Every structure is written in C-alpha cells, then in structure tokens.
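Written below as structure tokens is the structure these notes are about.
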Amino acid sequence: QVQVVQSGGGSVQPGGSLRLSCTVSAFTSGQLGIGWFRQASGKEREGISCISRDGDGKRVFYADAVKGRFTISRDDNTAYLQMSDLKPEDTAIYYCASVLYYSGTYCRTRVDADDYDYWGQGTQVTVSS
C-alpha cells in the first residue's frame, strides 16, 4: 500500500520561508512523479509544482503564481517544496500527491490532479503579519 506522508508547514510572516516535505512509502518500482497542490479557503485546489524521477530528464514545472519563489526538489522517494518570499495569498492547505507511472505529458505544461493516484494528508501554511 502506497502512503504519502507530509511534514512541514506552519505560520510565517510575509517575506518569510518555509519548507514542506513529502515522503512516498511502499514504493519498489515505477517512475514516481510527485506534485504539490494547494487549496485556499473558499477557492478551488490548484496545482503549483511537480517533478519527475531523476534520470528521465527531470521534468520540473511551476505555476506562474509561485514561479521564482518556490523550488521543488527530490531525494529518491522524498520531495521538498522550498517556499520563499511568502505572501499572504500563499495561505492555504498544501497537499502532496504521487503517481507511480506517468505519461509523456506529465509535468510538462501544468500540474494536473488527474495525473495523481495517492495523496498526502495536507498541511496548513499561513502567511500573516
């Protein structure tokens, strides 16, 4: 059984930084793509970043809302989302998701929730002065 466990998050002042972690367990084969999503109160969930497995060109994608401020990385089955220059509009519940096998379009032009099969529990990020 695949489990996706998140850690990190919390509260920070505008301009501050936080790092989220996401570990996918029970993984023995496959490509393993990992993505990050967020959902602010009263808004739809949005995909913000994704990464493929090392060795296939390492596809990385960022939504415009976070490009230049957030950095996704991974170490085997654990992915990280380093968030810098945080703004109040970044306040949301952040979710990590994983997929064992992905298509050629994965993580090319957007972060699509339909690409993912396993989801983390979510973690709150609050940016406020």
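For clarity, every value in this text was computed on a predicted model and none was experimentally measured.
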Q. About how many Å separate CD of Glu46 and CZ of Phe37, when rounded to the nearest 0.5 Å?
A. 10.0 Å
(Q) So does Val5 get a backbone contact from the side chain of Thr23, meaning a donor-acceptor N/O pair under 3.5 Å? (A) no
Q. Given Leu20 and Trp36, is the side-chain contact (heavy atoms from CB on, under 4.5 Å) satisfied, shown in steps?
A. CA-CA 10 Å; Leu20 305 180; Trp36 288 98; 3.6 Å; yes
Q. Step by step, would you call Leu18 with Val125 a side-chain contact (heavy atoms from CB on, under 4.5 Å)?
A. CA-CA 8 Å; Leu18 287 172; Val125 171; 3.8 Å; yes
Q.
Using 0.5 Å steps for rounding, measure from the OG atom of Ser98 to the CD atom of Gln31.
A. 12.5 Å
Q.
Is any side-chain heavy atom of Val2 closer than 4.5 Å to one of Asp117?
A. no
Q. Is any side-chain heavy atom of Ser84 less than 4.5 Å from a side-chain heavy atom of Gln82?
A. yes
(Q) Has Gln6 got a side-chain atom pairing as donor or acceptor with Tyr94's backbone, closer than 3.5 angstrom? (A) yes
Q) Within the side chain of Tyr62, is there an N or O that forms a donor-acceptor pair under 3.5 Å with the backbone of Ile72? A) yes
Q) Is any side-chain heavy atom of Ser129 less than 4.5 Å from a side-chain heavy atom of Pro14? A) yes
Q: Compare every heavy atom of Arg59 with every heavy atom of Ser103, then report the nearest pair and how far apart it is.
A: O-NH1, 3.1 Å
Q) Are any non-hydrogen side-chain atoms of Val127 and Met83 less than 4.5 angstrom apart? A) no
Q: Return the minimal non-hydrogen interatomic distance between Gly33 and Tyr116, and the atom names on each side.
A: O-CE2, 4.0 Å
Q) Quick one: OG on Ser21 to CZ on Arg74, what's the gap to the nearest 0.5 Å? A) 13.5 Å
**Q.** Ile34 vs Val99 side-chain heavy atoms within contact, under 4.5 Å
**A.** no
**Q.** Residues Tyr106, Tyr101; criterion side-chain hydrogen bond (donor to acceptor under 3.5 Å, both in side chains); working and verdict
**A.** CA-CA 10 Å; Tyr106 170 77; Tyr101 296 93; over 6 Å; no
Q) Going by atom types only, do Ser128 and Thr126 share a side-chain donor-acceptor pair under 3.5 Å? A) no
Q: Output yes when a side-chain donor or acceptor of Arg19 lies under 3.5 Å from a complementary backbone atom of Leu81, and no otherwise.
A: no
Q.
Between Leu32 and Tyr102, does the side-chain contact (heavy atoms from CB on, under 4.5 Å) criterion hold? Intermediate values first, please.
A. CA-CA 8 Å; Leu32 188 56; Tyr102 46 78; 5.9 Å; no
Q) Quick one: are Cys22 and Tyr80 in side-chain contact, heavy atoms under 4.5 Å? A) no
Q.
Using side-chain heavy atoms (C-beta onward) and a distance below 4.5 Å, is Tyr95 in contact with Ile48?
A. no
Q: Starting at CG of Leu86, measure out to CZ of Phe70 and round the result to the nearest 0.5 Å.
A: 5.0 Å
Q.
I need the minimum non-hydrogen distance between Asp85 and Arg69, along with the two atoms involved.
A. O-NH1, 3.0 Å
Q. Is Arg45 close enough and on-axis enough to Trp119, meaning under 6.0 Å and within 45°, for cation-pi?
A. yes
**Q.** Electrostatic pair Lys67-Asp64, nearest N-O below 4.0 angstrom
**A.** yes
(Q) Under a 4.0 Å threshold between the charged nitrogen and the carboxylate oxygen, would Arg110 count as salt-bridged to Asp115? (A) no
Q: Kindly compute the distance separating SG (Cys107) from CZ (Arg53), expressed to the nearest 0.5 Å.
A: 14.0 Å
**Q.** Spacing of OH belonging to Tyr118 relative to SG belonging to Cys96, to within rounding of 0.5 Å
**A.** 13.5 Å
